[in-house]
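Below: one structure, written as structure tokens.
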Amino acid sequence: MKFKGYISSRKLLDGSVNHQKVQNLVIRDACEKRGFEYKLSLTEYGIKNCFLSFNQLLIDIKKNKFDGIAFYSLAQLPKKKFDREKLYKLIKLNKKKILFSLENILVENIADIKKIENLFKIKFLLKFSPKKIKIK
Amino acid sequence: MKKNQYNKFEKNFIKKGLIIKKTENRNALYYIENIIKKNLLKILKLKINPKNFQLNNLHHYIDEKNINTVRLKLIFEINKDKNFRQNFFTVAKNMISTIVGNELAMQNNINLSIQIPNDETSLLPIHSDTWSGDSPFETVLWLPMVNCYKSKSMFILNAKKMNLFNKTFNDKKIKSISDLYEKFKKDLKFLKINYGEYLLFNQNLPHGNLVNKTQETRVSLNCRFKSLFTPYSQKDLGTFFSPLKIRAATKLGLEYKLPGEK
């Protein structure tokens, strides 16, 4: 199975920034462990709220250029649900797979989508939770 | 700043964003070519005399499936060679000094591209390096190992269209990289550059490549240079760049201690 890598060049939703070299290594390792063929990553541009590369991947995967997309992390997903839904549609309708390499999660069915969506929302909300709680 | 402070090469680079010239040191070019061929033959386990090994025909020995593995192995091997970096710099040393500066940082690893005919897996869609973590103070030295033309080469945006490009980028109709490419297709020019020449270009200008529709393979090298003390972006000093040339005054400054300081 061919997996196209997807890496980022701006801060992720959880506030992390990682070197592209590291992102690629994590993806390569995750693909290798599952026996997927890793294809050179497409890099999301650093411009705020830009998802040109993400949308390009959706176009290319529909053309069957590859069988799945290997994200570096879950925190690369778009903030807007509408955009995430476009990705989930590929799993539901086109039988494609999504791998979140850092978290080592493979999404391949509706149950997986529900799990990932919950995890994403909690992860995103955690940013706003207090880091410390003072007990008087 | 006075307008006439720039020489003709600098003026040209500012205006067009690129310079194509004959390599400044032919022996350095031969050295680079020999290291590439020698290592490719080793990786591909081929018993051919390097002199008879034509990089233009590399697609006879590799395919889409192993191209990236071969490329990565080759990049590792050429960068292991102790003289490769220096020879690469020597190819355009004077021009780099003119355009970039005389205290330089050079990318740690020289990149190598292999574009075999009709391969869709090794594409670099339209991009500017600054969109993915490079500083706008960087300049790319691009060195072809074969003659490059049409889709075997790379394309770059006409510098005159840069303002229009920036204004149009947020157009809501542009949703994907293909949309962006289609919008500016007519302003993107494929560079004609022969073996024995180098290209120095402003990586802030959008550039990329398409599927190589010629019957020959492109093998080219690229590496970023910047003035040592200009700002770095995500690709920083140490992890991505290292100092190439430090002038005497800077060396003295780096080693200076006030009286009494240990």
When you compare the side chain of [Y] with that of [X], does any pair of heavy atoms fall below 4.5 Å?
{"X": "B:Ile177", "Y": "A:Phe54", "answer": "no"}
{"X": "A:Phe51", "Y": "B:Ser176", "answer": "no"}
{"X": "A:Gln56", "Y": "B:Lys175", "answer": "no"}
{"X": "A:Leu42", "Y": "B:Pro125", "answer": "yes"}
{"X": "A:His19", "Y": "B:Gln234", "answer": "no"}

To the closest 0.5 Å, what do you measure between [atom1] ([X]) and [atom2] ([Y])?
{"X": "B:Ser132", "Y": "A:Glu44", "atom1": "OG", "atom2": "CD", "value": "10.0 Å"}
{"X": "B:Ser178", "Y": "A:Ile59", "atom1": "OG", "atom2": "CD1", "value": "4.5 Å"}
{"X": "A:Lys65", "Y": "B:Thr121", "atom1": "NZ", "atom2": "OG1", "value": "11.0 Å"}

Which residues in residues 69-80 of chain B have any heavy atom closer than 4.5 Å to a heavy atom of chain A?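 Listed by number: B:Arg71, B:Leu72.
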
Using non-hydrogen atoms and a 4.5 Å limit, figure out which bit of [X] sits close to chain A: side chain, backbone, both or neither.
{"X": "B:Thr239", "value": "side chain"}
{"X": "B:Phe240", "value": "neither"}
{"X": "B:Leu180", "value": "side chain"}

Please indicate whether [X] has more than 12 foreign heavy atoms, meaning atoms of other residues, nucleotides or ligands, lying under 6.0 Å from its [atom1].
{"X": "A:Glu85", "atom1": "CD", "answer": "yes"}
{"X": "A:Lys21", "atom1": "NZ", "answer": "no"}
{"X": "A:Lys80", "atom1": "NZ", "answer": "no"}

Given that the side chain runs from C-beta out, which part of [X] has a heavy atom under 4.5 Å from chain B: side chain, backbone, both or neither?
{"X": "A:Thr43", "result": "side chain"}
{"X": "A:Leu58", "result": "neither"}
{"X": "A:Phe66", "result": "neither"}

Fit a plane to each ring of A:Tyr45 and B:Trp131, take the angle between them on a 0 to 90° scale, and name the class: parallel (under 30°), tilted (30 to 60°) or perpendicular (over 60°).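 A:Tyr45 vs B:Trp131 ring planes: perpendicular.
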
Is there a side-chain contact (heavy atoms from CB on, under 4.5 Å) between A:Leu52 and B:Ile174 once you walk through the steps? CA-CA 8 Å; A:Leu52 292 183; B:Ile174 299 174; 4.1 Å; yes

Testing the basics here: between B:Gly133 and A:Gln20, what is the closest heavy-atom pair and its distance to 0.1 Å?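 Between these two residues, the closest heavy atoms are N-NE2, 4.4 Å.
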
